[in-house]
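Okay, so here's the structure we're looking at.
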Amino acid sequence: MRLVSLMMLIVAAPLSFLAADDPPHGEGLPPDTAESPAPFPLGRILAASQENTVVWTPDWPRSMPPDGFRLTAGSAAAITLIMDDGAEYRAAWNSAGALTAFPSVVQGAFVQITLEAGAPGTLKGFAVTGAEGIWTVEFIDAPVPASLARITQGGAVSFAALRHDDAAETWYDPEGTALAHFDTGSLGGRPRLASRSAQGETAAEHDYNSFGAVSRIESPQGAFSALYTGHGRPRYWSRPGAGAPAENLALQWDEAGLLRSITSADTSADIRYAYTLDSKGNWTERREQAMASVFGLLAPQPPARVRRIIAYRQAAGGNAP
């Protein structure tokens, strides 16, 4: 389970420039923390890096295919998605099948994560690339497992202290003032990733179902939730509406594992998908035709397209499987 992986991932070490105990929430906060990158949970990214698949979560954009980084046949060394607006997202695996790059959601935005490996089985750090720029996370006391990370964005710097006893992390500015705290625990016997600001306010929570899939997210962007099929594909999906009540969506998958439609419960939207497949039966292009409510009637929207480039893993002997 991802929670167990995260607990094993993070170990503690003394921090000479920080007090032994976290500062009380809300005390000593600077009036302006713009000199430090806005905190986000490193633990969520570290846990995802321990997976051998890219896991969809309910806070993904609706335009991003839930199965964009999964294959129905063959084994991939890399998968690149090229969105209709030209944005690219990539997942890549090393020769041992471990992820070296994958997309994720940080501060409500879909971003690209690129890992930097250290000695075998360790992680030196990672980069987060998004519309707001690039965050660089470096584990400075030792490769992961580690207890101290330096996070930089442009000229801004923050530090994160990681603890193994409760799988928690606390962010500080360069002067040692607490900025945010993130912890992983359980609620009613179920795993939960929770975060709160230095003022003690809850910023985000991630609940998981019994199969380890994210079932609900409470975040500053709103509430997201999903129910899944027996194959782990999202079947019912609720997400915040744009200045309106939540969107309640139903996803229809065919027997080949392709997403064929997304419809809203109030019939205000109807999206259909068609595909181009390669010789292995994996899709390389997804064409979207959407109908949206206009003046109370469903009207066609401009078509959208997602292209997918798949680099298959080489089989023993040098031939692709």
Side-chain angles (χ1 to χ4, degrees), residues 53-73 79-89 91 103-105 108-111 131 206-207 209 211 213-219 221-278 281-310:
T53 59
V54 178
V55 179
W56 179 90
T57 55
D59 55 350
W60 277 32
R62 195 170 69 176
S63 60
M64 182 63 58
D67 61 344
F69 300 98
R70 297 195 178 205
L71 303 182
T72 57
I79 299 174
T80 301
L81 291 188
I82 304 173
M83 307 302 292
D84 195 59
D85 62 0
E88 295 188 12
Y89 300 97
S104 186
V105 176
F110 206 64
V111 300
H206 296 70
D207 290 324
N209 65 17
F211 297 98
V214 177
S215 58
R216 184 172 179 83
I217 297 174
E218 294 277 357
S219 76
Q221 291 72 43
F224 303 80
S225 63
L227 296 175
Y228 298 83
T229 70
H231 297 284
R233 305 181 185 111
R235 179 69 178 91
Y236 298 102
W237 183 15
S238 179
R239 49 182 291 112
E247 292 183 306
N248 294 305
L249 306 170
L251 291 74
Q252 186 66 47
W253 302 79
D254 67 15
E255 294 181 355
L258 295 172
L259 178 63
R260 287 299 182 180
S261 68
I262 296 179
T263 56
S264 62
D266 60 2
T267 67
S268 62
D270 188 326
I271 306 172
R272 306 285 170 161
Y273 301 102
Y275 297 88
T276 298
L277 307 181
D278 65 12
N282 296 308
W283 67 265
T284 55
E285 182 179 275
R286 188 188 81 167
R287 297 174 298 282
E288 172 187 303
Q289 182 60 67
M291 304 284 286
S293 179
V294 179
F295 305 118
L297 300 173
L298 284 179
Q301 304 300 298
R305 181 179 68 156
V306 176
R307 291 180 290 144
R308 187 162 75 156
I309 300 172
I310 304 170

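Quantities reported herein were computed from a predicted structural model and do not represent experimental measurements.
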message: Can you tell me how far apart CG (Leu251) and CG (Asp67) are? Round to the nearest 0.5 Å.
response: 10.0 Å
statement: Hits for side-chain contact (heavy atoms from CB on, under 4.5 Å) against Ala274, two or more places apart or cross-chain, chain-then-number order -> Arg287
- request: Return each pair, listed once, that meets salt bridge (charged side-chain N to carboxylate O under 4.0 Å, His left out) where at least one residue sits in residues 296-308; pairs must be two or more places apart or across chains.
  value: Glu285-Arg305
message: Tell me if a side-chain donor or acceptor on Tyr228 pairs with a main-chain N or O of Val214 at a distance below 3.5 Å.
response: yes
message: Run the side-chain contact (heavy atoms from CB on, under 4.5 Å) test against Ala250 and tell me which residues pass, sequence neighbours left out.
response: Arg235, Tyr236, Thr263
query: Under 3.5 Å, side chain of Asn282 to main-chain N/O of Ala73, donor-acceptor pair present?
result: yes
task: Would you mind telling me which of Tyr273, Trp253, Tyr275 makes a side chain to side chain contact (heavy atoms under 4.5 Å, CB included) with Arg260?
output: Tyr275
- request: Using modelled atom types only, decide if a donor and an acceptor are shared between the side chain of Thr284 and the backbone of Asp278 within a distance under 3.5 Å.
  value: no
field: For Pro302, all residues meeting side-chain contact (heavy atoms from CB on, under 4.5 Å), sequence neighbours excluded
entry: none
Leu227 side, atom CG; Ser215 side, atom OG - distance, nearest 0.5 Å: 8.5 Å
query: For Arg233, which residues count as a salt bridge (charged side-chain N to carboxylate O under 4.0 Å, His left out) partner, sequence neighbours excluded?
result: none
Thr80 side, atom OG1; Tyr89 side, atom OH - distance, nearest 0.5 Å: 13.0 Å
query: Residues in side-chain contact (heavy atoms from CB on, under 4.5 Å) with Leu298, at least two apart?
result: Met291
message: Just verifying a value: how many Å separate Ile271 CD1 and Gln301 CD, rounded to the nearest 0.5 Å?
response: 9.5 Å
